[in-house]
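Take a look at the structure below.
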Amino acid sequence: MSHQTRLLGRLCVPSFSCPGPDLISPHLTSRNQLPITMMLHVSSPFSAAALLLLASTVAAGTIDSFISTERDIALKGVLANIGPNGTKVAGAGPGIVIASPSKSNPNYFYTWTRDAALTLKALVDDFMFGNTALQVYIEDYIHAQAVVQTVTNPSGGLLPAGTGLGEPKFNADGSRFNGNWGRPQRDGPPLRAIALIQYSHYLIQHGEQERVKKAIWPVISNDLSYVGQYWNSTGFDLWEEVSGSSFFTTQAQYRSLVEGAALAKSLGVVSCTGCGQAPQILCFLQTYWNGRYFTATINGNTGRGGVDANTVLGAIGAFDINAPCDSLTLQPCHSRMLANFKVFVDTFRNPNLYPINSGISPRSGVALGRYPEDVYYSGNPWYLITLGAAEFLYDAAAQWSKQGAITVDITSLAFFQDLYPGVEANRTYKRCKKTGAFRQIVDAAIAYADSFVEVVQKYTPTDGSLAEQFLKIAPGTPLSAADLTWSYASFVSMAHRRGGEFPPSWVFGESTTLPETCAPGSVASTYAPATAAGAPNVTIGCTSTVLFVLNATTYYGENIYLAGNSTDLGGWDLGSAVPMQSSNYTAERPLWFEQIPLVAGTTVNYKYAREEDCGQPWIWETVNRTLVVPACVENSTAVLLETDEAWTGLLGTGGGC
Ligand code: NOJ
Ligand code: NOJ
């Protein structure tokens, strides 16, 4: 069974003999052909942590004090953004993780399922490494997520088919967000499951198996059901911009099902509905490789080259200190992952792309952004990505140290050449002497990792605050959302790995075998509110879809919203009103429309409102509208009522700003 790994041994003398005087042996075996049990025995008796710590004192030293100070600031930064007591997020519900306290330019005062889950993963890690004060945050989060899972939203509901679980973000009080957004995003449920599964194992080991089974498993089970049902459906990527299949999402989906199946087994739970899909997801994961790197998005027209931090963040999310490097889970130390890492990092060495990276040696870390074509805030480096690159290298170095060997093949050769110019392909370098090639490569990788942290240090303000981005031109001023929770969480996680603190293993035997052919799949899953964790006992709502059609002449920059008395229409709150679509708008037929499922049989009061440009006040219609939602037809999403209305009230005028 998986267990917490915190290795604190010291460097000792190797117990196996090395084949040649140069400490290099030809790479003879394909470890893929060995059974998994043997592979795990290949690992050396040495402590990866000891090696990491040793190497980092040799290589760096200067960033040690930055890291120990900043780690503390980062953890406090995370907690300040969690309700109900977070000092920077007044109004956030208990256990709700706000993305950033920033309420404008950009407004990140919402909770994203992805950001929250990744943050909780770092908190669960920290808790397991001894920070017991974090338990209350974890418990609050579980409760909040059990409730949020039941909130019907523009992606759908929990019942009957789980579609609402793909909603990317919710308001700070956990209520639905009605605005336009890139939805659904399918990484939220697996990431949430991964964080909760790790915590569940801790509870089981501490005698709380029954509580896990009753209260937490139902939350996890909904998420795994969602993964099993929708992994082969397209959705928006982690940057919320392009629709397709996303490497990051697929990798998290696989991990969640493998871990979910193991948890179900240790709980004695009969079924994990989605888990049987895991081998097919693993098969699919391999198809992102294009011969040089992992293309971030496939099955979608992104108009991009596909080089993206997506894949590096995916790999650190899949990290398992005990996994072999050739594991199909695509660990940081996997040949293809290393090659991919080099392509990604080198892309940002281009001084035309990021002027602040000019003049940096090709063997030293640089500031990294999401992907080279990025235009969000004009496309800049992100703290969490630059820190993610450091974490990636600490992970790989720890895995080599754990295994006592580094295998270099033709795919990873260029990556290794940056670390150790004399390196050769098709060789396995074994740990034999403190001064051998193995040792030098590991040291160089750790020094390389440290150099990414140094980049972050350079662009971190003296108060230690971490925004989302920093400017790509000198002086690299922080920009976009201030105090980004995910930036802080990524610092904590990087610091754990650098310090040799590793979360429990999750890669088991199945990761070395693939189905003979990859096939798409989907399981018709079951969903239920996790009432023992505090979810309301929602039932299948009987809804009927209404198509709202409005004629309203608008100027360019003006938008129309629908507001009304029901929660799906935002409860008269303009901030939660439903944006209408204008894709069929013409001068002759100024059409605004939107389809909305509404509770059958209810009487709904509503009005349209104009959102003006240049910060001018909204304009409400001067008429009160009412409709009665028709009786529902089981399992039908067909439009059962269509309105045909004309704007009634004042018109707007462009502000000319
Ligand atoms: C907000 C998203 O979170 C961000 O990733 C994206 O770049 C912008 N919207 C623009 O689409
Ligand atoms: C924009 C990022 O692209 C997205 O990944 C994140 O979830 C949101 N900001 C909130 O932090």
Side-chain angles (χ1 to χ4, degrees), residues 74 77-78 80-82 86 88-89 92 96-122 148 153-155 166-172 177-192 195 235-244 246-249 251-252 296-297 300 302-304 308-314 316-317 368-388 465-470 472 478-491 493 579:
V78 166
N81 291 348
I82 303 179
K88 296 208 164 161
V89 293
I96 297 279
V97 181
I98 301 298
S100 151
S102 172
K103 289 191 173 169
S104 63
N105 300 317
N107 182 358
Y108 277 24
F109 204 80
Y110 297 95
T111 182
W112 272 261
T113 304
R114 165 186 42 262
D115 297 44
L118 291 168
T119 299
L120 260 290
K121 174 72 171 70
V148 159
N153 58 63
S155 295
E167 179 70 359
K169 72 178 203 182
F170 294 83
N171 293 324
F177 165 73
N178 277 335
N180 282 321
W181 212 253
R183 55 169 68 92
Q185 294 175 20
R186 305 193 195 276
D187 56 344
L191 294 172
R192 179 166 55 201
F236 278 81
D237 70 329
L238 79 168
W239 309 131
E240 322 192 275
E241 294 176 335
V242 290
S243 186
S246 176
F247 181 93
F248 177 85
T249 303
Q251 204 174 22
T297 304
T302 65
R304 299 179 188 166
D308 195 311
N310 175 315
T311 56
V312 175
L313 299 183
I316 61 178
L368 299 171
R370 301 193 296 183
Y371 51 91
E373 303 90 343
D374 197 358
V375 294
Y376 184 48
Y377 280 81
S378 305
N380 291 287
W382 285 44
Y383 292 101
L384 73 93
I385 293 167
T386 311
L387 292 166
S465 61
L466 296 178
E468 181 185 74
Q469 311 179 24
F470 49 101
K472 60 187 163 189
L479 81 155
S480 185
D483 294 309
L484 188 79
T485 311
W486 187 3
S487 295
Y488 288 130
S490 72
F491 198 96
S493 176

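Counting starts at 1 for both ligands and their atoms, following the listed order.
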Should you measure from each heavy atom of Trp486, which atoms of ligand 2 turn up under 4.0 Å away?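 Atoms satisfying the 4.0 Å criterion: 5 (O).
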Just by distance, no angles: are the side chains of Glu240 and Tyr376 close enough, under 3.5 Å, to form a donor-acceptor pair?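 There is no such pair between these side chains.
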Polar contact flag, side-chain donor to acceptor under 3.5 angstrom, Glu468-Tyr108: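 Side-chain D/A pair, Glu468 to Tyr108: present.
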Between Trp382 and Trp486, is the ring centre distance below 6.0 Å?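 Aromatic pair excluded; centres sit 6.0 Å or further apart.
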Would Leu191 and Leu118 count as a side-chain contact (heavy atoms from CB on, under 4.5 Å) here? Give the steps. CA-CA 7 Å; Leu191 294 172; Leu118 291 168; 4.0 Å; yes
Would you mind writing out a table of all protein N or O atoms found under 3.5 Å from any N or O atom of ligand 1, naming both atoms and giving the distance to 0.1 Å?
from	atom 1	to	atom 2	distance (Å)
ligand 1	3 (O)	Glu240	OE1	2.3
ligand 1	5 (O)	Trp239	O	2.7
ligand 1	5 (O)	Arg370	NH1	2.8
ligand 1	7 (O)	Glu241	OE2	2.4
ligand 1	7 (O)	Arg370	NH2	3.0

Contacts of Lys169 that satisfy side-chain hydrogen bond (donor to acceptor under 3.5 Å, both in side chains) - sequence neighbours left out: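 With sequence neighbours excluded, Lys169 shows a side-chain hydrogen bond (donor to acceptor under 3.5 Å, both in side chains) to no residue whatsoever.
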Has the side chain of Lys121 got a donor or acceptor atom that lies under 3.5 Å from a matching backbone atom of Ser493?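 Pair absent, no side-chain N/O of Lys121 close to backbone of Ser493.
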